[in-house]
Each structure stands twice: as C-alpha cells, then as structure tokens.
**Q** 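Supplied in structure tokens, the structure appears directly below.
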Amino acid sequence: MNAKRILMAEGALLGGVALALLVAEFPGIVREVRLWRMAGFRSPGPGNPLRTKRA
C-alpha cells in the first residue's frame, strides 16, 4: 500500500468515527436545543428582542 491509500483509509475511518459520534449524540443535542428555547436564550432577530423589560 502506498501512502496515499493509507491516508485515504485513515480519513475514511476518522470520518466514520465522527459520524457515529454525531449520531450517538444527536438526541442529547436536540434536548439541549429544546431547553435553550424554553429558557428563552435565542439569538435576537428582527421580531425577537432579547429579554426586553416590560414595566
């Protein structure tokens, strides 16, 4: 095997590991996003002022 094929195999292996980790962590990421939305920690947009004070 030459060096290029070894590097390609290592890249494919690392990509597969990264994809498996992302798939395994996806439910936790979704849960965190829901918590942030419920807590109101959104990025301010044109129609979404960030924690405006109302008297």
Side-chain angles (χ1 to χ4, degrees):
M1 281 181 88
N2 58 11
K4 188 174 182 180
R5 289 186 73 180
I6 292 173
L7 283 174
M8 296 260 307
E10 286 178 353
L13 183 66
L14 285 175
V17 169
L19 183 64
L21 184 63
L22 181 68
V23 168
E25 291 294 325
F26 192 72
I29 295 169
V30 170
R31 189 178 312 118
E32 290 290 327
V33 169
R34 285 185 186 154
L35 286 171
W36 276 80
R37 285 183 179 170
M38 284 192 291
F41 294 114
R42 295 186 189 136
S43 61
N48 184 16
L50 185 65
R51 299 207 183 219
T52 57
K53 287 191 174 186
R54 295 183 183 151

**Q** Once side chain to side chain contact (heavy atoms under 4.5 Å, CB included) is applied, do any residues pair with Ile6, and if so which ones, sequence neighbours excluded?
**A**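 So Ile6 forms a side chain to side chain contact (heavy atoms under 4.5 Å, CB included) with Met1, Glu10.
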**Q** Return the set of residues passing side chain to side chain contact (heavy atoms under 4.5 Å, CB included) with Val30 (not counting sequence neighbours), or none when no residue passes.
**A** Phe26, Arg34
**Q** Cluster partners of Leu14, using ILVMFWY side-chain heavy atoms under 4.5 angstrom, listed by chain and number?
**A** none
